Amino acid sequence: MKGAYSTAHLFSLNIMLMLAWSALAGGFSTFNLFVGFALGWVVLWFIQPLYGRGNKYFKKPWQIGALLALFLYDLILSSFRVAWEILAIRSFAKPGFIAVPLDVRSDMQILLLANFISLTPGSLTLDISEDRRTLYLHTMFASDPDKVRSDIKNGIEKRILEITG
Amino acid sequence: MTESGLEWVIASCLVAGSFFVFVAGLGILRMPDTLIRMHASTKAGTLGLGLVLIALMLSFAEPAVTARGTAAIIFVLITAPVAAHMIGRAAYRTGTPLWDKTLRDELPED
């Protein structure tokens with residue numbers, strides 16, 4: 001039986017638990033549905049020994065949460081840097097273009113990465129090469145292009161590959 | 001949380017949000033070229049709008065307002081970078097002049 005349940009299977013079980021909870025709680029309000037889903041997820045996690053451990057279904061929420069946290073952190077940090085750059089009398093910016101080779105392949109992954117880059121400190125996605133292997137960005141702090149590149153490759157791109165791959 | 005504590009949170013979100021929106025607007029005036037202006041308007045603008053919407057949701061504390069506020073934040077997060085990307089790409093393809101200090105080493109050929 002190990003690993004016999006697919007992610008889709010677990011998701012539908014989770015939905016059923018959510019509906020059962022809401023019915024027993026006496027109303028299908030948004031709040032009840034939300035609590036039901038969360039509780040169902042916890043219950044399914046708890047009874048893992050019954051159908052095989054290590055399902056992807058339980059890893060994803062953490063990975064998505066971590067990605068979201070990184071995203072918010074980057075957004076706040078970049079806003080402060082940009083605000084400082086705008087308000088300071090002397091300019092520290094060293095704008096430039098950087099080409100980043102891509103490991104992500106699908107449209108969804110590229111979209112996520114491009115959006116993410118546009119909201120991270122001082123970089124803006126500009127274009128993608130014809131063969132979809134290279135992403136061109138404009139950055140405000142290009143004094144060290146290799147560092148910008150490795151930050152993107154080891155940070156965001158790796159996480160996106162983990163979640164979608 | 002006490003009543004006045006919540007009000008402090010709401011007030012700080014509003015002030016911080018307004019500050020970032022103001023900075024985004026100022027950045028569009030002050031920055032040297034189109035691409036750098038896009039940095040100002042996407043990042044500071046998104047965070048500022050998000051903070052104002054959070055203050056709004058906390059202040060109303062109604063499910064309908066919270067749902068719409070959350071949806072608005074998500075859509076801004078998804079669409080602001082796309083808009084900046086389209087404007088930036090258009091600017092660079094039509095050959096808008098860049099700031100003198102820009103490093104062009106890895107500029108795409110096109």
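Everything numeric in this text was worked out from a predicted model, so none of it was measured. Residue numbers begin at 1 in each chain, while the letters A, B, ... track the order of the sequences.
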For this session: Mark yes or no for whether A/Lys158, through its side chain, and A/Ile152, through its backbone, hold a donor-acceptor pair below 3.5 Å.
Result: no
Exercise. Which residues in residues 44-51 of chain B have a heavy atom less than 4.5 Å from any heavy atom of chain A?
Worked result: B/Ala44, B/Thr46, B/Leu47
Problem set entry | Sub-4.5 Å side-chain heavy-atom contact between A/Ile86 and A/Val82 | yes
Exercise. Within the side chain of A/Gln109, is there an N or O that forms a donor-acceptor pair under 3.5 Å with the backbone of A/Ile160?
Worked result: no
Exercise. Side-chain contact, heavy-atom cut-off 4.5 Å: A/Ile76 with A/Ser79?
Worked result: no
Problem set entry | Student check: side-chain heavy atoms of A/Thr125 and A/His138 closer than 4.5 Å | no
Exercise. Would you say the ring centroid of A/Phe116 lies under 6.0 angstrom from that of A/Phe71?
Worked result: yes
For this session: Please check if A/Ile47 and A/Phe37 belong to a single hydrophobic cluster, counting links between Ile, Leu, Val, Met, Phe, Trp and Tyr side chain heavy atoms closer than 4.5 Å.
Result: yes
Exercise. Which of residues 10-20 of chain B get closer than 4.5 angstrom to chain A, counting heavy atoms alone?
Worked result: B/Phe19, B/Phe20
Exercise. Partners of A/Val35 by side chain to side chain contact (heavy atoms under 4.5 Å, CB included), sequence neighbours excluded?
Worked result: A/Trp21, A/Phe31, A/Leu39
Exercise. Does the side chain of B/Ser59 come within less than 4.5 Å of B/Glu7's, by heavy atoms?
Worked result: no
Exercise. According to a 4.5 Å side-chain heavy-atom criterion applied to Ile, Leu, Val, Met, Phe, Trp and Tyr, with indirect links allowed, do A/Met18 and A/Val43 form part of one hydrophobic cluster?
Worked result: no
Exercise. Do any of residues 62-84 of chain B have a heavy atom less than 4.5 Å from a heavy atom of chain A, and if so, which, in residue order?
Worked result: B/Leu77, B/Ile78, B/Pro81, B/Val82, B/Ala84
Problem set entry | Pair B/Asp33 + B/Arg37: basic N to acidic O under 4.0 Å | no
Problem set entry | Residue B/Arg89 versus chain A: region with a heavy atom under 4.5 Å | both
Exercise. Taking A/Arg133 for the side chain and A/Leu102 for the main chain, is one N or O donor matched with an acceptor at less than 3.5 Å?
Worked result: no
Problem set entry | Per-residue contact mode, A/Leu72 against chain B (heavy atom under 4.5 angstrom) | neither
Exercise. Which of these passes side chain to side chain contact (heavy atoms under 4.5 Å, CB included) with A/Leu113: A/Val100, A/Leu135, A/Leu161?
Worked result: A/Leu135
Exercise. What's the shortest heavy-atom distance between B/Ala24 and B/Ala40, and which atoms?
Worked result: CB-O, 3.7 Å
Problem set entry | Proximal component of A/Thr30, with respect to chain B [non-hydrogen, under 4.5 Å] | neither
